[in-house]
Amino acid sequence: MGAEHLPTSEFDIEELEQSMTSSDPADAPEMVQLLASDGTLREDVQYGPYAAHLDGEALRGLYRDMFLVRRFDQEAVALQRQGQLVMWPPLLGQEAAQIGSGTALQANDYVFPTYREHGVALTRGLELSALLKLFRGVSSGGWDPREKNFHLYTLVLAAQTLHAVGYAMGLQRDSEDGVSVAYFGDGASSEGDVHESMVFAASNQSPVVFFCQNNHWAISVPTEVQSRIPLSNRASGYGFPGIRVDGNDVVAVHAVMRWALEHARSGRGPVLIEAFTYRMSAHTTADDPTKYRLSAEEDAWKEKDPLKRLERYLRSSNTADDSFFEQVEVQGDELAAKVRAEVLAMTGPEMVQSFNNVYADPHPLVAEELAWHREYEAGFADADEAGENN
Amino acid sequence: MANMTIAKAITAGLRETMKNNPKSMLMGEDIGALGGVYRVTEGLQAEFGKTRVVDTPLAESGIIGTAIGLAFRGYRPICEIQFDGFVFPGFNQITTQLAKIHARSSGDLSAPVVIRIPYGGGIGSIEHHSESPEALFAHTAGLRIITPSNPHDAYWMIQQAVESNDPVIVFEPKRRYWLKGEVDTESPGQDAFSAKVVREGTDATIVAYGPLVPVALAAAQAAEDDGNSVEVIDLRSISPIDFDTITTSVRKTGHLIVTHEAPTFGGVGGEIAARISERAFFSLEAPVLRVGGFHMPYPVAKVEEHYLPDIDRLLEALDRSLAY
Ligand SMILES: Cc1ncc(C[n+]2csc(CCOP(=O)(O)OP(=O)(O)O)c2C)c(N)n1
């Protein structure tokens with residue numbers, strides 16, 4: 001049964017969209033947009049200068065990154081469907097929010113992601129297949145967070161927002177350059193940890209950027225259940241700036257993020273960015289969006305596809321031609337093939353490895369249980385050798 | 001008699017509760033149109049409306065804290081926590097508030113809140129989706145904790161939980177959600193807060209609960225093929241624990257093994273071992289043995305089968321026990 005069959009009164013799009021803004025439209029913040037849906041550039045006095053450095057090559061780079069991570073994501077979905085991954089949270093639709101923000105970061109900035117920030121990982125230079133270890137069930141982490149200043153994925157929603165603030169407090173104490181960035185969703189914004197992290201960040205004027213991807217859905221629950229006002233408006237309650245940006249406009253996201261990072265870096269405290277975007281795919285591969293949303297809503301957002309938008313601009317401004325797009329496709333297929341091969345080669349760890357690293361220092365109980373486990377397993381090997389188990 | 005899965009039995013039990021008790025209400029993340037990630041509340045919002053089946057904001061402390069306030073107004077909130085590992089943002093409200101309200105108010109107030117938590121491993125998932133945190137709650141006085149292992153109990157225990165005037169946590173064994181069985185919708189059989197002998201035996205007793213009851217039964221069957229008669233007790237209630245039923249069994253068999261998925265150290269098994277040593281010391285022919293999880297974060301899916309107690313681990317413990 002598709003959502004078409006659900007009572008429309010519950011899923012009226014207009015009603016939904018109205019409720020997404022403040023009850024008084026005058027209170028709704030303006031949404032920063034530099035590249036309109038039709039691919040034309042827009043003037044913006046405040047944030048325009050933060051995109052001025054984006055020359056043809058940089059814009060093609062943004063497109064390439066968005067394309068590559070989308071291709072990677074498709075491959076991960078396919079791998080999950082083929083039983084190679086336990087599950088997968090697709091980023092389809094959120095490429096601009098992630099690539100735009102991630103490319104604004106400096107090497108010494110530190111990212112605290114949730115679990116869908118595959119695009120940010122790409123901008124940090126992470127080997128993308130490392131992201132899949134968690135979802136293949138071979139690791140609870142998968143990479144050394146310090147190598148690329150990209151923290152491990154977090155599955156308990158919002159927990160990492162406090163870590164981001166603590167990290168920023170550390171940067172402050174050490175008088176070190178760098179900004180800590182907390183990524184989280186519109187659903188997670190309801191968790192108490194987000195409130196506490198904003199209180200701490202404001203209280204300390206810490207160099208942290210809260211980057212909320214409002215993709216409109218927390219699994220089956222629309223944003224209106226989490227907030228009756230635009231999420232970016234919440235920042236003022238804590239005493240720091242909140243910006244709402246068109247999350248499908250990679251140029252605007254990049255510019256706004258640069259502004260926010262500069263703000264935080266220069267000691268002026270935290271910023272909240274709400275990237276207004278849409279999860280075009282299912283929440284995870286275990287989810288069935290037809291149960292809770294209308295396909296008409298999905299279709300409407302397809303028109304705002306972040307890749308198509310930049311492609312329109314690149315073509316109309318003669319910044320890129322067919323050969324560029326063909327070349328990117330080839331790169332995408334190469335990446336996908338590489339990731340696939342790497343995933344298939346990922347074998348499970350041995351059980352004994354699960355006893356490692358439970359503690360940093362030796363622990364007698366773990367040692368005792370490990371010894372028991374070894375002996376127990378050896379019993380089966382002995383039995384096999386003696387032919388008892390045949 | 002009806003044949004259904006545990007998941008559908010809980011749905012049916014919730015439906016009965018909602019029909020019989022106008023003050024009962026469901027709250028949680030994604031429980032409305034989606035019917036919960038395990039579809040346990042499927043169809044209930046369409047049936048009872050959005051004010052009685054509430055998709056809450058995404059906030060566990062918020063869900064449980066507001067449920068407590070609603071309970072002060074006479075409501076009977078039934079909260080769904082999406083997965084075991086996500087109860088912790090609500091841990092504060094459960095342990096410092098919910099559990100203590102009756103005592104702190106000298107009995108003037110009570111908060112009959114029910115919290116449903118799908119728990120346990122064996123579903124090949126990622127971290128925080130396979131944990132068994134029951135001991136953390138069992139250690140807190142003021143809470144009742146139950147866990148059904150079959151559809152009949154699932155149908156009745158959820159209703160009995162809502163009827164209880166105390167807060168009740170229902171740990172639902174998620175890897176058994178699809179286990180089918182007969183449900184006698186006429187009679188509950190017995191009280192939710194008691195244990196049940198699900199297989200009679202004379203040589204040893206295995207106490208199990210929730211997801212491990214079928215494993216214990218299979219181990220008992222295997223033991224019988226080896227000539228040993230094993231009694232299996234489905235604990236059903238983790239707080240309180242029905243020590244009388246266990247004591248009676250141990251007086252008969254002299255050997256006791258307790259099994260659960262949660263880490264052995266500091267687990268419910270330790271409490272049972274200690275109590276039974278006190279109560280039936282002279283009947284015991286061997287120390288009480290525990291077969292549980294290891295002292296580690298729940299491991300990755302690729303090795304969880306080595307972590308979870310299985311038939312072989314139970315038989316090994318049985319051999320050790322009988323060898324005394
Ligand atoms: C503390 C906690 N509660 C519940 C969940 C289960 N859960 C996983 S994702 C999700 C929805 C998250 O929505 P949002 O924050 O908007 O992020 P999105 O997945 O849309 O990017 C829920 C309820 C969880 N992971 N952690």
Side-chain angles (χ1 to χ4, degrees), chain A residues 3 6-7 10-11 86-87 115 133-140 153 155-159 185-193 218-222 225-227 283 286-288 291-293 346-355 357-358 363 365-366 368-370 372-373 376-377 379-380, chain B residues 28-39 42 45-46 50 54-63 65 82-83 85-90 92-93 123-130 263-266 292-307 312-313 316-317 319:
Chain A
L6 290 165
E10 277 187 40
F11 291 89
V86 170
M87 58 107 119
Y115 45 67
K133 290 185 190 168
L134 176 68
F135 300 100
R136 189 163 167 78
V138 300
S139 171
S140 293
Y153 275 177
L155 289 164
V156 179
L157 288 167
D186 48 305
S189 75
S190 293
E191 292 280 3
D193 277 1
I219 309 188
S220 69
V221 180
V225 173
Q226 319 292 344
S227 182
H283 169 70
D287 175 42
D288 176 7
K291 284 211 184 299
Y292 55 82
R293 71 187 185 190
M346 281 174 199
T347 51
E350 295 292 319
M351 178 62 191
V352 291
Q353 281 169 253
S354 301
F355 291 92
N357 303 316
V358 179
H363 187 285
L365 175 59
V366 175
E368 181 189 317
E369 290 188 352
L370 173 60
W372 180 89
H373 176 74
Y376 175 73
E377 290 288 304
F380 287 100
Chain B
E29 296 159 9
D30 301 294
I31 66 167
L34 189 65
V37 289
Y38 282 105
R39 310 289 186 262
E42 191 154 51
Q45 192 179 63
K50 283 184 168 182
V54 185
D55 265 333
T56 64
L58 209 172
E60 291 73 15
S61 182
I63 293 168
Q82 207 154 70
F83 277 95
F86 305 145
V87 68
F88 296 107
N92 171 39
Q93 285 291 339
I123 59 159
S125 198
I126 55 178
E127 59 173 355
H128 305 300
H129 289 75
S130 302
T264 310
F265 181 80
F294 299 108
H295 190 63
M296 60 175 62
Y298 191 88
V300 297
K302 290 278 191 220
V303 296
E304 67 178 337
E305 60 174 297
H306 298 286
Y307 174 90
D312 287 331
R313 288 249 295 273
E316 186 270 350
D319 283 348

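Keep in mind that what you see is a predicted model, and the values were worked out from it rather than measured. Only heavy atoms go into these numbers, but all of them, side chains included; no hydrogens, no water, no symmetry mates. All chains are named by letter (A, B, ...) in the order of the sequence lines, taking the proteins before the strands, and each is independently numbered beginning at 1.
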Item to complete: Sort A:A158 into side chain, backbone, both or neither according to what part of it lies under 4.5 angstrom from a heavy atom of chain B.
Response: neither
Worksheet item: Side chain, backbone, both or neither: which part of B:H295 has an atom under 4.5 Å from a heavy atom of chain A?
Response: both
Response to the item:
Honestly, the part of A:H363 sitting under 4.5 Å from a heavy atom of chain B is side chain
Worksheet item: Could you state the interatomic distance from OG (A:S354) to NZ (B:K302), rounded to the nearest 0.5 Å?
Response: 13.5 Å
Worksheet item: In terms of heavy-atom proximity below 4.5 Å to chain B, should A:D287 be classed as side chain, backbone, both, or neither?
Response: side chain
Practice prompt. State, to 0.1 Å, how close A:E191 and B:P89 come at their nearest heavy-atom pair, and which atoms those are.
Written response: OE1-CB, 4.0 Å
Response to the item:
Pair count under 4.5 Å, heavy atoms only, with chain A: among B:V37, B:V303, B:D55, highest is B:V303
Discussion item. Is A:V366 in contact with chain B via its backbone, its side chain, both, or neither, using a 4.5 Å heavy-atom distance?
Written reply: side chain
Worksheet entry | Contact summary for A:W372 and B:R313, nearest pair of heavy atoms | CH2-CD, 3.3 Å
Worksheet entry | Residue, of A:A286, A:A188, A:P349, A:G192, that accumulates the most heavy atom pairs under 4.5 Å with chain B | A:P349
Discussion item. So for A:L365, is it side chain, backbone, both, or neither that comes closer than 4.5 Å to the heavy atoms of chain B?
Written reply: side chain
Practice prompt. Using the side-chain contact (heavy atoms from CB on, under 4.5 Å) rule, take B:H306 and A:E377 through it: C-alpha gap first, then chi angles, then the decisive distance, then the call.
Written response: CA-CA 9 Å; B:H306 298 286; A:E377 290 288 304; 3.9 Å; yes
Worksheet, complete the sentence: Bottom line for B:E60: the part with an atom under 4.5 Å from chain A's heavy atoms is both
Discussion item. Which atoms of B:Y307 are under 4.5 Å from chain A, going by heavy atoms: the side chain, the backbone, both sets, or neither?
Written reply: both
Response to the item:
The interface call for A:Q353 against chain B, heavy-atom contacts under 4.5 Å, is neither
Response to the item:
Honestly, the part of A:L370 sitting under 4.5 Å from a heavy atom of chain B is neither
Discussion item. Restricting to non-hydrogen atoms, name the atom on A:L155 and the atom on B:F86 that form the minimum distance, rounded to 0.1 Å.
Written reply: O-CE2, 3.4 Å
Fill in: Residue part contacting chain B, namely of A:M87, when any heavy atom lies under 4.5 Å
side chain
Item to complete: Check the angle between the aromatic planes of A:H373 and B:F294 and answer parallel, tilted or perpendicular using the 30° and 60° thresholds.
Response: perpendicular
Practice prompt. Taking atom CZ of B:F265 as the centre, report whether more than 12 heavy atoms of other residues, nucleotides or ligands fall under 6.0 Å from it.
Written response: no
Discussion item. Do B:L34 and A:H283 have side chains that approach each other closer than 4.5 Å (heavy atoms only, starting at C-beta)?
Written reply: no
Worksheet item: Can you tell me if B:E316 uses its side chain to pair, donor with acceptor, with the backbone of A:Y376 under 3.5 Å?
Response: no
Discussion item. Measuring only between side-chain heavy atoms, which start at C-beta, is A:I219 closer than 4.5 Å to B:L58?
Written reply: no
Worksheet item: Roughly how far, to the nearest 0.5 Å, is CG of A:L157 from CD of B:Q82?
Response: 8.5 Å
Response to the item:
Heavy-atom nearest pair, B:I126 first then A:L134, reads CG2-O, 3.1 Å
Worksheet, complete the sentence: Between B:P57 and A:V225, the two heavy atoms sitting closest are CG-O, 3.4 Å
